[in-house]
Each structure stands twice: as structure tokens, then as C-alpha cells.
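Quick notes on the structure that follows.
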Amino acid sequence: MRVRTVMSTLTLVGTALFAPGVGLAASTDAFAVTKLTHAQATAMFSAAGITWSSSGGCSNRNVSTCTSFDQLNQATAQGAVTLKHASGCAVNITGGTETGHASGTYSHWNGYKLDYGKNTCLTNYVHNSFSYIGLRGDGYPQWQAASGNIYADEGTHWDALYYSCGC
């Protein structure tokens with residue numbers, strides 16, 4: 001019995017010391033994210049009642065007129081599902097991980113962003129549920145959810161940056 005208690009304690013201490021962002025694992029460490037295939041993401045979106053569209057009618061990640069979800073972060077896909085359920089609005093994704101978007105660590109290409117078609121319900125939800133945080137570097141207004149995720153109004157669509165799966 002005593003050995004089990006000691007082992008349990010050591011396991012808890014070890015977990016705390018090496019947990020991401022805690023103890024010996026520095027908060028600046030890059031954390032692994034789960035990447036989805038296009039088929040996995042579309043299955044999640046379909047199940048949640050989320051639609052998507054492509055100006056090119058395609059899903060090839062290497063074609064800018066396509067809407068692709070290949071290499072989308074699972075947390076980003078879950079963020080879209082959370083947005084749909086929390087808002088009760090129609091959600092149509094118009095941009096995913098395809099080429100042609102701005103580059104950077106937290107980019108479309110790297111799976112952190114989705115574009116949503118604008119509608120009155122979604123716009124009202126963002127404006128009334130999130131905090132206005134000012135203009136982005138390119139001049140677009142931004143709102144931030146309690147989760148830290150950021151929604152930028154790019155005029156024709158919402159550009160959503162997901163750090164986590166919450167809205």
C-alpha cells in the first residue's frame with residue numbers, strides 16, 4: 001500500500017514538473033497540435049451544421065481559389081463548432097488552410113485561422129459577446145473572446161484566429 005502511495009505521489013509530481021507551460025517545461029516551448037485531414041474536418045463541420053464554400057469549387061490546399069481544411073488544427077475546427085453552437089447562427093466557412101492568405105505562425109496555412117461569410121446574426125453575436133480590442137495592424141477592427149481567440153472584420157468576411165477550441 002505504501003509503495004502505491006509513493007508511486008502515485010511521484011507520478012503527480014512528475015506530471016506537474018513536465019506538463020506544458022508548467023514546471024520545467026517552459027511556457028515558450030512549442031506544443032504539438034493535432035492536424036486534421038480535409039475529410040476529418042468536413043465530417044466535424046457537417047455534424048455541427050456548418051457549411052463551407054469555395055469560389056473555385058475545390059478543396060486543393062495548393063490552389064488559392066479552393067477552400068481546404070487539410071492540416072487544419074483540431075482546436076480550430078472545434079472552435080468553429082463552438083462558435084456555431086454558442087451563437088446559434090448560420091456559419092459558412094469561406095477560407096481554410098489553402099495558399100493565398102497572409103503568412104505567419106498563426107496563419108491559415110498553419111491551421112490556426114478560418115474565414116467565415118458574414119451575416120447579421122454572426123456579426124451581432126461577435127459584437128455583443130466579445131470585447132472590442134482595437135484595430136489590427138492592417139486596419140481591420142478586432143474582437144476577442146474570453147478564450148483569447150480573435151475575430152477580425154475584414155469587410156466581406158470574418159477572419160477568425162483560434163488559439164484554443166473555445167469561441
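When a residue number appears, it is its place in the shown sequence, counting from 1.
- A chain of hydrophobic side-chain contacts below 4.5 Å, direct or via other Ile, Leu, Val, Met, Phe, Trp or Tyr residues, connects Leu135 to Trp158.
- Looking at Asp159 and His108, their side chains come closer than 4.5 Å, going by heavy atoms from C-beta outward.
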**OP:** Check the pair Gln74 / Gln40 against side-chain contact (heavy atoms from CB on, under 4.5 Å), numbers first and verdict last.
**Re:** CA-CA 9 Å; Gln74 184 175 18; Gln40 289 170 318; over 6 Å; no

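- Contact check for Tyr112 versus Leu161: side-chain heavy atoms found under the 4.5 Å cut-off.
- Separation of atoms OG (Ser103) and CG (Asn110) is listed at 9.0 Å; rounding is to 0.5 Å.
- The residue from Leu72, Leu83, Thr82 that alone fulfils the side chain to side chain contact (heavy atoms under 4.5 Å, CB included) condition with Tyr162 is Leu83.
- For the residue pair Trp52 / Ser59, no side-chain donor-acceptor distance below 3.5 Å is found, with atom types taken as modelled.
- For the pair Phe45 and Ala80, the tightest heavy-atom approach, listed with the atom from each and the gap, is CE2-CB, 3.8 Å.
- What you find for Gly100 and Ser64 is that their closest heavy atoms are CA-CB, 4.2 Å.
- Once rounded to the nearest 0.5 Å, the distance linking OG1 of Thr120 with NE2 of His127 reads 11.0 Å.
- Checking side-chain atoms of Thr97 against main-chain N and O of Ser68 turns up a donor-acceptor pair under 3.5 Å.
- Side-chain contact between Phe69 and Ile93 is present, with heavy atoms from C-beta onward closer than 4.5 Å.
- Expressed to the nearest 0.5 Å, how far CG of Leu36 lies from CD of Gln71 amounts to 9.0 Å.
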Subject >> Trace of the side-chain hydrogen bond (donor to acceptor under 3.5 Å, both in side chains) decision for Thr51 with Asn92 >> reply: CA-CA 5 Å; Thr51 59; Asn92 181 58; 2.8 Å; yes

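- Closest non-hydrogen pair, Ala152 versus Arg136, comes out as CB-NH1, 3.4 Å.
- Side chains of Lys35 and Asn73 form a contact here, defined as non-hydrogen atoms less than 4.5 Å apart.
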**OP:** Report the C-alpha distance between Ser53 and Thr67 in whole Å, list the side-chain angles of each, state the deciding distance to 0.1 Å, and finish with yes or no for side-chain contact (heavy atoms from CB on, under 4.5 Å).
**Re:** CA-CA 7 Å; Ser53 55; Thr67 298; 5.9 Å; no

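- Between Tyr151 and the choices Trp143, Phe130, Tyr132, the ring pair (Phe, Tyr, Trp, His ring centres under 6.0 Å) rule is met once, by Phe130.
- Taking CD of Gln142 as the reference point, atom CD1 of Ile133 lies at 4.5 Å (rounded to 0.5 Å).
- Counting all heavy atoms, side chain and backbone alike, Gly49 lies closest to Lys84 at O-CE, 3.7 Å.
- Under a hydrophobic-cluster definition in which Ile, Leu, Val, Met, Phe, Trp and Tyr are linked whenever side-chain heavy atoms come within less than 4.5 Å, directly or via other members, Val81 and Tyr125 are assigned to the same cluster.
- Using a 4.5 Å cut-off on side-chain heavy atoms (C-beta onward), Tyr163 and Ile150 make contact.
- Between Lys118 and Leu122, the closest side-chain pair of non-hydrogen atoms is not below 4.5 Å.
- Rounding to the nearest 0.5 Å gives a distance of 7.5 Å between OG of Ser54 and CD of Glu98.
- Distance alone, capped at 3.5 Å, places no donor-acceptor pair between the Ser129 side chain and the Ala145 backbone.
- Taking OG of Ser87 as the reference point, atom CG of Asn128 lies at 12.0 Å (rounded to 0.5 Å).
- Between His101 and Asp115, the closest side-chain pair of non-hydrogen atoms falls below 4.5 Å.
- His38 has its side chain out of reach of Arg61: every pair of non-hydrogen atoms, C-beta onward, lies at least 4.5 Å apart.
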